[in-house]
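Here the structure comes first, spelled out in structure tokens, and everything after it is commentary.
Only heavy atoms go into these numbers, but all of them, side chains included; no hydrogens, no water, no symmetry mates.
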Amino acid sequence: MSERVKAKNKTRNESSSEASASTKAGAVESAKAEAALPALGIKGMLRWAWTQLTSMRTALFLLLLLAVAAVPGSLFPQRPANPSNVTQYIKDHPDYGKILDALQLYDVYSSVWFSAIYILLFISLIGCVVPRAIVHYRAMRSQPPRTPARLSRLPEYGTLVVPADAGVPASKAIGDAAEVLKKRGYRVEVRDVDGERPSLGAERGFLKEVGNLVFHSSLIGVLVSVAIGGLFGYSGQRILVEGDTFVNTLVGYDQFSPGTNFQSSWLQPYSIQLDKFNIQFDRESPKNFGQPIDFRAEVTTKESPDAQAEKKVLKVNDPVTLGNTSIYLTGNGYAPVVTVRDGAGNVALQGPVVAKLQGENYYSSVVIKVPDAKPDQLGFVGFFLPTAFRTEQGVSFSADPELFNPQLSLNSFYGDLGLDKGQPQNVFELDVKNLKPLNNRELAAGGITLAPGATYTLPEGKGSITFDGVKRYIGVDIHHNPGQQYALIFALVAVAGLVVSLYLNRRRVWVRTGTHADGRTMVEFGLLARGEDHRLANESAAIKELLRAQWRLDETQTAANPPGTESTSGDAPSKAHSTSQKDQ
């Protein structure tokens with residue numbers, strides 16, 4: 001055939017191929033244009049949304065989002081903890097304070113958006129755990145997978161040869177292997193025991209997934225416990241002076257923060273009385289001389305009005321527990337005992353006044369408000385020194401935290417204290433804008449300096465003040481969290497489940513036996529792990545040693561290529577990996 005004819009035929013064939021390809025492409029495009037995707041519908045959309053919500057990726061995202069959502073709770077004052085701070089913050093920031101309030105940033109942990117994230121995370125975890133638990137339950141009840149045709153392709157593979165004179169046929173060898181694996185904790189199924197090549201499949205490591213499920217279930221338990229504490233718990237603070245008794249009622253608290261659904265009728269009617277508070281100061285170390293090294297509050301408690309009184313000791317990091325309520329020691333100081341008489345000579349105030357710590361050696365500020373004084377209300381502000389010293393410049397300071405030379409220094413005022421208007425005030429602050437001074441350094445009367453037992457008569461016949469003595473006080477935090485114990489239990493169980501899931505491995509073992517023409521029993525076995533298992537080789541060696549000991553074999557009784565198997569010397573690692581995945 002001439003070259004010209006060949007060229008024409010080639011051109012004709014190419015044109016025909018191009019026309020055929022163009023026709024097929026056009027048909028495909030036409031089919032795509034005419035195809036219409038089926039509508040998901042409401043059920044389809046709900047199924048898709050549920051699948052997305054219950055995925056592990058969504059659960060992790062919601063967990064991260066919950067941590068981020070909690071950040072504003074530490075940046076802005078929270079109304080449940082201190083409402084007055086929130087009110088002051090809004091006054092100090094009128095431009096955006098109300099906007100933050102509208103976004104519920106002062107009530108972060110009870111806000112709609114925080115609760116929505118919390119509930120979605122709760123549902124997501126349940127949606128993850130329940131289906132996995134069902135699948136794992138079915139897997140535990142099912143038989144091990146069938147024996148692969150080529151065990152040599154598994155990641156771990158070994159062979160053994162039982163001599164003909166050992167009297168161990170293939171059927172007995174597979175039974176012996178089953179017993180060995182059962183003792184090692186495997187669940188075993190023997191197959192074709194009467195056939196020419198009996199085999200078995202064995203599995204163990206189901207506790208790994210159980211630990212994983214326990215871990216996630218415990219996280220749900222922690223979430224529920226925290227929610228119970230937030231809904232039905234409460235916390236509060238109270239200052240107790242020596243001799244005072246606190247009764248667990250709403251009016252007994254200095255500050256009270258209830259849970260979202262807490263009812264005051266749930267308060268346990270216990271009481272606690274501060275009998276004596278002792279502080280031990282360092283008197284030996286030159287560097288830390290005078291520093292407190294131990295606090296000990298001796299208290300008397302009653303869990304109910306009819307219960308027997310019990311003597312207990314309250315210390316730092318060692319709370320007193322009454323029922324489900326824990327009482328913690330958080331602060332202490334001095335409370336000077338004073339008696340204030342008004343202009344008519346009547347006692348307007350008598351008792352201890354809590355002094356707020358301000359500096360070293362228990363230097364403390366003192367505020368005394370006397371709204372019952374007549375004809376004018378009285379107010380005092382100053383400081384208390386446990387061991388008073390005066391510098392050459394006339395400045396008083398406290399040289400030691402013990403009561404070696406107690407001194408009360410005050411300025412006095414009279415007028416309207418503002419307490420009759422019903423507006424809350426800080427007990428440690430005195431607003432003197434509407435008050436007139438009676439005593440201070442700038443006036444002719446000077447300031448008031450009192451030692452225990454001393455009395456000072458106020459100018460203009462306004463009354464007198466007497467420094468009767470000093471008592472100690474403590475500050476306590478009271479916490480009632482009904483979900484706290486359960487949260488601890490679930491957290492410990494979660495850690496245990498995590499440890500189990502990390503240190504146990506899911507493994508499968510297959511053993512196949514057969515009889516050689518010369519009467520020897522040939523044994524081959526293979527191991528496969530579900531996921532990465534760096535100890536699989538050690539497990540293979542251990543099983544091989546146990547089988548060798550079972551049949552009393554020496555090191556030389558192995559077979560490189562048992563009958564009925566093919567050489568795998570040319571198999572690539574990737575092919576063996578592919579077969580292992582298929583066998584799973």
Report task. For atom CZ of Phe389, decide whether the heavy atoms of other residues, nucleotides or ligands shown that lie under 6.0 angstrom number more than 12. Result -> no

Query raised in the report: Do other residues, nucleotides or ligands put more than 12 heavy atoms under 6.0 Å from Asp95 CG?
Result: yes

Query raised in the report: With a distance cut-off below 6.0 Å to the six-membered ring centre and an angular limit of 45° from the axis, does Lys436 pair with Tyr414 as a cation-pi contact?
Result: no

Query raised in the report: Salt-bridged, Lys315 to Glu298, with N to O below 4.0 Å?
Result: no

Requested in this report: State, with a plain yes or no, whether a side-chain heavy atom of Phe277 is found less than 4.5 Å away from one of Ile279.
Outcome: yes

Report task. For residues Pro406 and Pro452, determine if any side-chain heavy atom of one lies less than 4.5 Å from a side-chain heavy atom of the other. Result -> yes

Query raised in the report: Hey, is CZ on Arg79 packed in by over 12 heavy atoms from elsewhere, all under 6.0 Å?
Result: yes

**Report entry** Distance-only polar pair, side chains of Asn439 and Ser412, donor-acceptor under 3.5 Å
**Finding:** yes

Query raised in the report: Does CG in Asn434 sit with more than 12 non-hydrogen atoms of other residues, nucleotides or ligands closer than 6.0 Å?
Result: no

Query raised in the report: According to the interplanar angle, ranging from 0 to 90°, do the rings of Phe383 and Tyr363 count as parallel (below 30°), tilted (30 to 60°) or perpendicular (above 60°)?
Result: tilted

Query raised in the report: So does Gln485 have more than 12 non-hydrogen atoms from other groups sitting under 6.0 Å from CD?
Result: no

Report task. Apply side chain to side chain contact (heavy atoms under 4.5 Å, CB included) to the pair Leu267 and Leu250, showing each step before the final yes or no. Result -> CA-CA 8 Å; Leu267 288 172; Leu250 285 181; 4.1 Å; yes

Report task. Of all the heavy-atom pairs spanning Leu121 and Ala59, show the shortest one and how long it is. Result -> CD1-O, 3.5 Å

Side chains of residues 462-469: which donor-acceptor partners sit under 3.5 Å, not counting sequence neighbours?
from: Lys462; atom 1: NZ; to: Asp376; atom 2: OD2; distance (Å): 2.6
from: Thr466; atom 1: OG1; to: Thr455; atom 2: OG1; distance (Å): 2.8
from: Asp468; atom 1: OD2; to: Thr339; atom 2: OG1; distance (Å): 2.6

Query raised in the report: Taking all non-hydrogen atoms of both residues, which atom of Asn440 and which atom of Pro437 are closest, and how far apart?
Result: ND2-CB, 3.7 Å

Query raised in the report: Taking side chain as C-beta onward, heavy atoms only, is Tyr328 less than 4.5 Å from Asp318?
Result: no

Requested in this report: State whether a side-chain donor-acceptor pair under 3.5 Å links Ser111 with Gln104.
Outcome: no

Query - Polar side-chain atom of Lys369 near backbone of Glu429 as donor-acceptor pair, under 3.5 Å - result: yes

Requested in this report: For Val353 and Val366, work out which heavy atoms get closest and say how close.
Outcome: CG1-CG1, 4.2 Å

Report task. Show your working on side chain to side chain contact (heavy atoms under 4.5 Å, CB included) between Trp113 and Leu105 and close with a plain yes or no. Result -> CA-CA 10 Å; Trp113 46 272; Leu105 292 181; 3.7 Å; yes

Report task. State, with a plain yes or no, whether a side-chain heavy atom of Leu213 is found less than 4.5 Å away from one of His136. Result -> yes

Query raised in the report: Is there a donor-acceptor pair closer than 3.5 Å between any side-chain N or O of Lys356 and the backbone N or O of Phe428?
Result: no

Query raised in the report: Considering residues, nucleotides and ligands other than Gln268, do more than 12 of their heavy atoms fall under 6.0 Å from its CD?
Result: yes

Report task. Verify the ring-centre separation between Tyr334 and Tyr362: is it less than 6.0 angstrom? Result -> yes

Query raised in the report: Please walk me through it: do Arg506 and Glu539 pass salt bridge (charged side-chain N to carboxylate O under 4.0 Å, His left out)?
Result: CA-CA 12 Å; Arg506 182 86 173 270; Glu539 178 70 8; over 6 Å; no

Query raised in the report: With distance as the sole test, does Gln78 use its side chain to make a donor-acceptor pair with the main-chain N or O of Phe76 at under 3.5 Å?
Result: yes

Report task. Spell out, as yes or no, whether a donor-acceptor pair under 3.5 Å connects the side chain of Ser398 to the backbone of Asn361. Result -> yes

Report task. Return yes when atom CD of Glu442 has more than 12 non-hydrogen atoms of other residues, nucleotides or ligands closer than 6.0 Å, and no otherwise. Result -> no

Query - Verdict with supporting geometry, Asp342 and Lys374, salt bridge (charged side-chain N to carboxylate O under 4.0 Å, His left out) - result: CA-CA 6 Å; Asp342 59 16; Lys374 303 295 182 182; over 6 Å; no

Query raised in the report: According to the side-chain hydrogen bond (donor to acceptor under 3.5 Å, both in side chains) rule, which pairs have a member within residues 209-228, sequence neighbours left out?
Result: Arg132-Glu209, Asn212-His216

Report task. Provide the closest heavy-atom pair for Leu438 versus Ala445 in the form atom of the first, atom of the second, distance. Result -> O-CB, 3.9 Å

Query raised in the report: Where do Arg296 and Val313 land on the side chain to side chain contact (heavy atoms under 4.5 Å, CB included) test, with the steps shown first?
Result: CA-CA 7 Å; Arg296 181 185 177 91; Val313 175; 3.5 Å; yes

**Report entry** Under-4.0 Å salt bridge between Lys311 and Asp275
**Finding:** yes

Query raised in the report: Which is it for Leu408 and Thr449 under the side chain to side chain contact (heavy atoms under 4.5 Å, CB included) test, yes or no, and what are the steps along the way?
Result: CA-CA 6 Å; Leu408 188 60; Thr449 301; over 6 Å; no

Query raised in the report: If we only count heavy atoms from C-beta on, is the Tyr118 to Leu62 side-chain gap below 4.5 Å?
Result: no

Requested in this report: Evaluate the side-chain proximity of Tyr253 to Ile478: yes if any heavy-atom separation is below 4.5 Å, no if none is.
Outcome: yes

Query raised in the report: Can we call the ring centroids of Tyr234 and Phe262 under 6.0 Å apart?
Result: yes

Requested in this report: Measure from the side-chain N and O atoms of Ser124 to the backbone N and O of Leu53, and report whether any donor-acceptor pair falls under 3.5 Å.
Outcome: yes

Query raised in the report: Would a distance-only check, ignoring hydrogens and angles, find a side-chain to backbone donor-acceptor pair under 3.5 Å from Lys208 to Leu504?
Result: yes

Query raised in the report: Within the side chain of Tyr503, is there an N or O that forms a donor-acceptor pair under 3.5 Å with the backbone of Leu498?
Result: no

Query raised in the report: For residues Ser364 and Gln358, is any side-chain donor paired with an opposing acceptor at under 3.5 Å?
Result: no

**Report entry** Arg535-Asn505 side chain donor-acceptor pair, cut-off 3.5 Å
**Finding:** yes

Report task. Compare every heavy atom of Asn481 with every heavy atom of Gly229, then report the nearest pair and how far apart it is. Result -> CA-OD1, 3.0 Å

Requested in this report: Could you check whether the rings of Tyr96 and Tyr89 sit parallel, tilted or perpendicular, using 30° and 60° as the cut-offs?
Outcome: perpendicular

Report summary line: d(Arg341 CZ, Leu458 CG) to nearest 0.5 Å is 12.5 Å

Query raised in the report: Tell me, do Val476 and Ile474 make a side-chain contact under 4.5 Å, heavy atoms counted?
Result: yes

Query raised in the report: Any luck finding a side-chain donor-acceptor pair between Gln407 and Ser409 under 3.5 Å?
Result: yes

**Report entry** Shortest non-hydrogen contact from Asn411 toward Gly447
**Finding:** OD1-CA, 4.1 Å

Requested in this report: Please check if the side chain of Asp282 supplies one atom and the backbone of Ser285 the other of a donor-acceptor pair under 3.5 Å.
Outcome: yes

Query - Residue pair Tyr456 / Leu450, side-chain heavy-atom distance below 4.5 Å - result: yes

Report task. For Arg238 and Asp477, run salt bridge (charged side-chain N to carboxylate O under 4.0 Å, His left out): C-alpha distance rounded to whole Å, both residues' side-chain angles, the deciding distance at 0.1 Å, then the answer. Result -> CA-CA 7 Å; Arg238 173 62 191 265; Asp477 271 359; over 6 Å; no

Query - Pair Phe289 and Phe281, ring centroids less than 6.0 Å apart - result: no

